[in-house]
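Letters go in sequence order (proteins before strands), and every chain restarts at 1.
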Amino acid sequence: MTDAPETRDALSALDRPNSYIGKTMPRPNLDRLMQGRGLYVSDIELPRMGHVVFLRSPHAHAKITGINALAARQLPGVIAVVTGQELATVITPWVGVLSHLKGLKSAPQSAIAIDRACWQGEAVAAIVATSRAAAEDAAEQVSVGYDELDAVTDMRTALDPTTSVIHASLGDNLAFERHHDAGAVEDAFAASDEVVDVEFIFGRHTGVTLEPRSVVADWNAAEARLTIYQGTQAPHMVQNIAALHLGLQEAQVRVVCKDVGGSFGIKVHIYADEMATYALSKLLRRPIKFVADRVESFNTDIHARDHRCRGRIGVKRNGTIMAFEIDDLTGIGPYSMYPRTSAIEANQVVNLVGGPYVTRNYRARARVVFQNKNVMCQYRAVGHPIACSVTEGLVDLAAMKIGMDPVEIRRRNLIADDAYPCASPSGLRFEQLSHHAALAKLIRMMDYDVLRAEQAALRARNIHRGIGIASFIEVTNPSAAFYGVGGAKISSQDGVTVRLDAQGAVICQTSITEQGQGSESLTAQIVGSVLGVSMDRVRVILGDTDNTPYGGGTWASRGAGIGGEAALQATKVLRRNILDVAAAILQMTPGELDIVNNNVVNAGDGTSRIELGELARIVYFRPDTLPPGIQPELMATRHFVPRAYPFAFTNGVQASWLEVDTETGFVKLLKHWVVEDCGTIINPQLVDEQIRGGVVQGLGAALFEKCVYDERGQLTNASMADYLVPMSGEMPDIDIGHVVSPTLESELGAKGAGEAGTAGAAAAVTNAVNDALRPFGTIVTEIPLTPQIILTALGRI
Amino acid sequence: MKASAFAYARPTSVANALELLATHGDKAKVLSGGQSLMPAMNLRLISPEFIVDIGELAELRGIVVKGDVLTIGALTRHADVLKSPEVAAHAPLLRDATAHVAHPAIRNRGTLGGSLAHADPASELPACMMALEATIIVCGPRGERRIPAQEFFTGIYETGLSPQELLVAVELPVARKRSSHFFHEFARRHGDYAIVGLAAQSIVVDGYFTDLRLGFFAVGDRPLLANAAGELVNVPVTPERLTKAAAVLSDELDPQEDQQATPAMRRHLAKVLLSRCVSTLLSRPDLRSGAPE
Ligand SMILES: Cc1cc2nc3c(=O)[nH]c(=O)nc-3n(C[C@H](O)[C@H](O)[C@H](O)COP(=O)(O)OP(=O)(O)OC[C@H]3O[C@@H](n4cnc5c(N)ncnc54)[C@H](O)[C@@H]3O)c2cc1C
């Protein structure tokens, strides 16, 4: 474990002209994107392509009594109007369960609703026309008969015997329940000097990607092959699922994923309307494009969070945390999402609460219920913001109760940096975390004592500022324990192929994908560093199931840690192979040679012996000049998956400094700090910007974002005017620091960094607001922290 | 999110535009900056059959001062109002308010006339027109009408304009000597429509208001020129006076419920604005509610 600046020394073995690891390098795809030469799905135009618009249920729950499309079919440009029944002839329904989530149940879901719509926004018919506008015109002419059914909307009453059951075949509205009990919780509470017991409420929100979900599906009947162009995080998963439900072999499905305008977990799932688009292409034997518009995005992109979690903490007067207990409730919509399921978030909450702390006493219950609202599933930092807000909220309230500084209570309870390996009370295994080093660094960065003095001085002038701290742990680099063991065909391993071309440049194919995180960049940096070539010689190909190794893709903070290690190992093999050939050509031993700056050089004095282009020329065009028995292999493939630990946990701590206008309830964010430990840092700027972006999403949850449903299950703010995303005007400066504890599971040592920012931001803000409100004797435990909520807590309205 | 099909014309003179509006009447819509009209059409909230794009009517663009009157053409964009030295000198309240209208990209296209004709009760500019005693000038088949701002706004998205008429300009009296102004709004994010806002114009002499016009917005179905101001003019303003004015204000308001705020919260925020406005204009920190600035 080291502070960030020393990282580069730690990597000194690689510190050569082409050592890009640990350095900020411009992303190789920037020019393409900045010059408008990106290729997004919306840019794709194919001959005979039809555009599909989905007619969506206006009701949260309704029986479909009839669909009349006669008038619509007559309109100019209309190719077809297809119902769920008709589409069911080409695609089978699915059930979003996994076997390792014991007891999880869900009902079969169809690509287009048949007989019954279960949320406002579920597709009930597809209208295919020569343009989106023509299809929208026609959609207005399709009349659907509905009999409205009772809508289950309040998660708190979803399990009441008087509430109607959404799927009769399931018996009740309970999708999943998990209990956990570790240590001696009752005794620990009994032995506590103070117990805090509060309910935390988290608004339902969504990911809001700049580019909406979009698909072009092209069934080529002559080849019996379906090509799917889709902005997805997991091309091989899409290939598997599309083949499975369309009755094809995986070899008959190619998934191409070029540029993607943001994902955040929104694009790692299989959506009914995307499945319908694949099926429509097969049914109509022509390419079909679906691009969700913004209203559809709000109504159908997975939502997340929406939890109510009761939390208890017991604490001794000396600050010792005795126990945590939670009772978490979440509503997930009418179906568990496919194929990752909608139980993961609640499961994560149970896993993660109390995770940074030493106490062994922990009891938890989580219940996941069905509702007639849009589906909920994994979105950036799955479960972490909830677990972190509950844990850190409780820790701060406990500190308040015993009159202890929030930093001090953490110092006394965070797992010691030399206590690893160890496990959390929920049984998660930690290889090496650095809570105390991170906290110490944060305190230095924010000048904690000075800030506290400033806070006190301002309070005397009726200005109310608050400091909020939130330690967190984060699941990264998931092994097969995440999905594979539950039966999902979602690969946890990734592969990379590297090849020296005939002029000495390198082509690298990787199974991880790029949605803006910098996957291309980090892969090229690793390949360049390990091989000893300049980055401009490395071209990275990703996002094509025909042209990359098999692998998981980019999600769950896994691209750098898993795909990066595969790149490192593949490049090591290529390097060895190149040196073998060079040694044969130069009549030396490979050990006497090295590759530096695109040249094979003498290891001893660095003198250039042969340029890689020249070596490649000999290998590819004059192999006759090589000694007998030498067969050069200038292409190498390696795969990697973590095996020793189910997850490479990372850790960190965030702090927020803000001002509450106690007359108006408005919160002004003044500053935010993050110290995190993602192991080896490949590109510091990419890591910092991932964290900043993550923090901004967390701040959005803290202050702004909420999908507002009415009691009838209508989403009432499905537009960018009404659903408030965080914008730069409200964002504070975000300072970032690092502690570096590389994972020993891989040579690279990288863990994930993409979700750390989101994990703890809302917790830090809520704690800061409560710190600011301290003189008023009130607390808030509901996010988003709207002026309405704060004014209500203050008794002003 | 594609608008339904519509016919389109781009008239080259006001007379030409008025002819088109006379012919197509209710089925036509004037297109100015398009920043409110186009989103509504793309969402198919409205589907006009005929669009009269007034973008080329140069005669409706521009800002001039003549004598005591500042005239701003209907097609003047928010961005031009912000940059105008005439507006800065003679109606600084309007400049301050315009900075709160949306974001630069929208201000580059959105127009003053469009905003006033649209009459969103949460918009900054209609309230400014009331505070600044503006006259709205409209042209129709029967010639020109001059409508005081206070009579122009009649409800949510409703004005005194008929479908055959075009808003052509506004006239504002240039700011008088010793006049001062206050503008503030509470919005969740920069550029959002306000939850509650206040555009105020005053004349302060020796610590007294001799004139005070309080233009509240987002407090009802249209901007409100608050009678509460009457409680504060030509009297020494004490905390008790201010409380009285706040009570009068509370009675005048008819705030709506929406996702941002309940009526009670709007009333509360309007009162906070009143106290902050009075405290700022009179330079009396003791009258301010909440934290100092
Ligand atoms: C994201 C976003 C945020 C915004 N935020 C704000 C905000 O905070 N505050 C605010 O005030 N506004 C805001 N707006 C609206 C913006 O200010 C618009 O520019 C304004 O409301 C309308 O002006 P326009 O020129 O674009 O009019 P258009 O959209 O072209 O027209 C609006 C309406 O007025 C009619 N109309 C236009 N001109 C005339 C005329 N000369 N005579 C008769 N009728 C006419 C049109 O027929 C239409 O009904 C926002 C808009 C967006 C997209």
Side-chain angles (χ1 to χ4, degrees), chain A residues 51 53 76 131-137 139-140 212 291-297 458-459 461-465 659-668 700 703-704 706 708 710 716-731 784 786-792 794 796-797, chain B residues 1-6 35-36 39-45 47 99-100 102-104 106 120 122 184-197 246 250 255 257-276 279 285-286 288-293:
Chain A
H51 296 257
V53 162
S131 72
R132 168 101 195 180
E136 284 189 22
D137 286 346
E140 289 185 344
V291 179
D293 70 23
R294 195 52 73 182
V295 177
E296 294 185 286
S297 298
L458 289 172
R459 220 168 237 174
R461 296 175 45 210
N462 202 19
I463 295 173
H464 298 281
R465 294 193 175 175
E659 184 171 319
V660 180
D661 182 336
T662 54
E663 287 298 310
T664 66
F666 277 72
V667 173
K668 187 172 165 47
L703 296 182
F704 300 113
K706 184 175 183 183
V708 181
D710 69 14
T716 58
N717 63 339
S719 84
M720 293 298 280
D722 298 317
Y723 181 96
L724 307 183
V725 295
M727 308 230 311
S728 56
E730 283 60 53
M731 292 300 104
T786 62
Q788 176 93 42
I789 286 176
I790 292 175
L791 285 177
T792 306
L794 284 165
R796 295 269 195 273
I797 51 173
Chain B
M1 250 195 240
K2 307 283 178 206
S4 12
F6 53 84
Q35 298 305 294
S36 296
M41 287 171 63
N42 286 341
L43 287 162
R44 296 195 179 204
L45 296 173
S47 300
H100 291 262
H103 310 278
I106 292 152
D120 190 315
H184 195 76
E185 65 178 39
F186 296 123
R188 294 286 295 282
R189 303 173 303 177
H190 286 84
D192 281 352
Y193 280 105
I195 296 178
V196 173
S250 194
E257 163 113 48
D258 67 13
Q259 292 184 340
Q260 305 301 340
T262 57
M265 175 165 153
R266 287 209 154 85
R267 269 180 217 285
H268 169 79
L269 290 179
K271 289 192 261 181
V272 173
L273 271 181
L274 176 67
S275 101
R276 290 185 182 179
S279 147
D286 60 305
R288 192 183 148 89
S289 77
E293 273 203 292

(message) Please rank A:Gly665, A:Ser131, A:Ala135, A:Gly729 by heavy-atom pairs under 4.5 Å with chain B and give me the top one.
(response) A:Gly729
(message) Which one wins on heavy-atom pair count under 4.5 Å against chain B: A:Val725, A:Thr792, A:Leu703?
(response) A:Val725
Pairwise distance [atom1]([X]) to [atom2]([Y]) - rounded to 0.5 angstrom:
X        : Y        : atom1 : atom2 : answer
A:Asp293 : B:Lys2   : CG    : NZ    : 8.5 Å
B:Arg276 : A:Glu663 : CZ    : CD    : 6.5 Å
A:Leu791 : B:Met265 : CG    : CE    : 5.5 Å
B:His103 : A:Ser728 : NE2   : OG    : 9.0 Å

(message) Can you list everything that forms a side chain to side chain contact (heavy atoms under 4.5 Å, CB included) with A:Asn717? Sequence neighbours excluded, please.
(response) A:Val708, A:Leu715, A:Asp722, A:Tyr723, B:Gln259
Checking [X] against chain A: side chain, backbone, both or neither under 4.5 Å from a heavy atom?
X        : result
B:Leu43  : side chain
B:Ser275 : neither
B:Arg44  : side chain
B:Ala187 : backbone
B:Asp258 : neither

Heavy-atom proximity to chain B below 4.5 Å, by part of [X]:
X        : result
A:Thr716 : both
A:Glu140 : side chain
A:Met720 : backbone

If every non-hydrogen atom of [X] is compared with every non-hydrogen atom of [Y], which pair is closest and at what distance?
X        : Y        : result
B:Ala264 : A:Ile797 : O-CG2, 3.9 Å
A:Phe704 : B:Arg188 : CE2-O, 3.4 Å
B:Thr262 : A:Gln788 : N-OE1, 3.1 Å

(message) Between B:Val272 and A:Asp661, does the side chain to side chain contact (heavy atoms under 4.5 Å, CB included) criterion hold? Intermediate values first, please.
(response) CA-CA 11 Å; B:Val272 173; A:Asp661 182 336; 5.9 Å; no
(message) Has A:Glu136 got a side-chain atom pairing as donor or acceptor with B:Ser4's backbone, closer than 3.5 angstrom?
(response) no
(request) Identify, with sequence neighbours excluded, every residue that meets side chain to side chain donor-acceptor pair (under 3.5 Å) alongside B:His190. (result) A:Glu730
